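Scroll down for the structure; my scribbles are underneath it.
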Amino acid sequence: MKFLILQHPGHNRVYYNAADKLALAELKIASTKLSVTIQNLAIEEIARVRYLTFESDTPLNDDDFIIISRLSFIFAIYSLEGDMLSPIEAFPYHYVNPKIGTLLKYHGKTNELFTKMMVNIAMLSSDYTLHDTIEMLDPCCGRGTTLFEGAVYGYNSYGVELDLKAVQEGTLYFKKFLEEERYKHKTDSRQVAGTSKADATYIYEFEYTKSKKETVQKRFGMICGDTQEMAKYFKNNRFHLIIGDLPYGIYHHNTRDERAMRNPSELLEVSLSEWCKVLKQGGIIALAWNSFLVSRVKLVELFEAKGFEVLSSEAYCELEHMVDRSIKRDVLVARKV
Ligand SMILES: C[S@@+](CC[C@H](N)C(=O)[O-])C[C@H]1O[C@@H](n2cnc3c(N)ncnc32)[C@H](O)[C@@H]1O
């Protein structure tokens, strides 16, 4: 059977000419986790409308449709038999309403469709499945875009960010969202590191459920702290996924903190060992960075020196794209072996 995917209208706005390349790369990575083998992945024009297409000789199961429905570029999926297009019902995979990632706008925000793609790629590249309870960490989370995308999938999502204002705004926005959407929730703030008041580091944490009937609470937390101290904030081997958009060497939150200005390789040199401690075996680190500042080769060297396996099949090397004149963004995906 042949399947046609209509791309999200916002997808082109994020990637300009690279939209097709990125969509195909994400689909190729997803295809490795499907129960069936899919072939002939392509971009096709049918009746003057562009679709991403693929074929499968065997029927897809529910998990396959969940994986496909979650792809960041999906708008609608059809099956094609003869000349007949039949819409395939979208799978309701959300725990939190996906609009959470779209409402908060600010300078320096990582685009939410791009973030969703990183979350998908990380999850699909890890040793874990759709049915595991996923703990996810963004080591430089800004106001929380990655954490919101994680919450959409029902992941327990945590972030660390140097800028207090960003943490305050992110947690306030999450609280308001839970209130407006009538989630049952409680909040807590407690010290996670430091021996005196002056060097104390705090976590702002939420436990929430959609209804009173649910017995398992979801968790969401933000720490105003330094990512190179990560192992002080969280237990070893806690997270399945570490996903983040590394600093671009630009002041985003009017911060005067020089630590926020490190280029990506400097930040990784001082932080990667700490991140590795809190990541589970078989877990994935997926990071976006400005490849004008540091080459892929340099980052691969850094990861390999720490014992990571950098994923480098064709699809993983197809993710680079221009954001603006000063930012060429790429994504590196590495597995803790
Ligand atoms: C590209 S921005 C991430 C934006 C985020 N994804 C969002 O959408 O809000 C990188 C972030 O890393 C933070 N950062 C830089 N150095 C850091 C450090 N040492 N520890 C924690 N956060 C850091 C910066 O303050 C900045 O907010």
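Small disclaimer: the values here were computed from a predicted structure and weren't measured. Residue indices begin at 1 and follow the sequence shown. Atoms within each ligand, like the ligands themselves, are counted from 1 in listed order.
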### Summary
Counting from 1 in the order shown, the ligand 1 atoms closer than 4.0 Å to a non-hydrogen atom of Tyr106 are 7 (C), 8 (O), 9 (O)

### Task
Give a yes/no on ligand 1: does Ala288 have at least one heavy atom closer than 4.0 angstrom to it?
no

### Query
Going by heavy atoms in the side chains, are Tyr95 and Thr209 under 4.5 Å from each other?
yes

### Query
With a 4.5 Å heavy-atom cut-off, do Leu52 and Leu24 have their side chains touching?
yes

### Message
With nothing but distance in play, are any N or O atoms of Tyr248 less than 3.5 Å from an N or O of ligand 1?
### Response
no

### Task
Check each atom of ligand 1 against the heavy atoms of Gly225 and keep those under 4.0 Å away; list them by number with element.
20 (N), 21 (C)

#### Entry: Those atoms of ligand 1 less than 4.0 Å from some heavy atom in Thr110
4 (C), 5 (C), 6 (N), 7 (C), 8 (O)

### Query
Angle class for the Tyr15/His321 ring planes (parallel below 30°, perpendicular above 60°, tilted otherwise)?
perpendicular

### Query
Can you find an N/O atom of Glu161 closer than 3.5 Å to an N/O atom of ligand 1?
yes

#### Entry: Heavy-atom check, side chain of Cys276 versus side chain of Lys306, under 4.5 Å
no

### Query
Purely on distance, is any nitrogen or oxygen of Thr146 under 3.5 Å from one on ligand 1?
no

### Query
Counting each atom of ligand 1 from 1 as listed, which ones have a heavy atom of Pro247 under 4.0 Å away?
10 (C), 12 (O), 15 (C)

### Ala166 to ligand 1, any heavy atom closer than 4.0 Å
no

### Query
Any non-hydrogen atom of Val270 lying under 4.0 Å from ligand 1?
no

### Query
Which of the atoms of ligand 1 are close to Thr227, meaning less than 4.0 Å from one of its heavy atoms?
18 (C), 19 (N), 20 (N), 21 (C)

### Query
Which atom names give the shortest non-hydrogen contact between Ile29 and Ala315, and what distance separates them?
CG1-CB, 3.7 Å

### Query
Should Val278 and Leu137 count as side-chain neighbours, where that means a heavy-atom distance under 4.5 Å?
yes

### Query
Going by the order shown, which atoms of ligand 1 are within less than 4.0 Å of some heavy atom of Asp226?
18 (C), 19 (N), 20 (N)

### Task
Answer whether the closest heavy-atom distance between the side chains of Met123 and Arg70 falls below 4.5 Å.
yes

### Message
If you take the nearest heavy atom of each of Asp138, Leu162, Asn290, which one is closest to atom 22 (N) of ligand 1?
### Response
Leu162

### Message
I'd like to know if Gln228 contacts ligand 1, where contact means a heavy-atom distance under 4.0 Å to any ligand atom.
### Response
no

### Query
For ligand 1, which atoms sit closer than 4.0 Å to a heavy atom of Asp245?
1 (C), 2 (S), 3 (C), 10 (C)

### Query
When you look at CG of Asp83, are more than 12 heavy atoms from neighbouring residues, nucleotides or ligands closer to it than 6.0 Å?
no

### Task
Can you sort out which atoms of ligand 1 are near Cys141, meaning under 4.0 Å from one of its heavy atoms?
5 (C), 7 (C), 9 (O)

### Message
Has Thr171 got a side-chain atom pairing as donor or acceptor with Gln168's backbone, closer than 3.5 angstrom?
### Response
yes

### Summary
Under 4.0 Å between heavy atoms, the region of Thr115 that gets near ligand 1 turns out to be neither

### Task
Look at the side chain of Asn263 and the backbone N and O of Val294, then say whether any donor-acceptor pair between them is shorter than 3.5 Å.
no

#### Entry: salt_bridge(Glu309, Arg335) N-O dist < 4.0 Å
yes

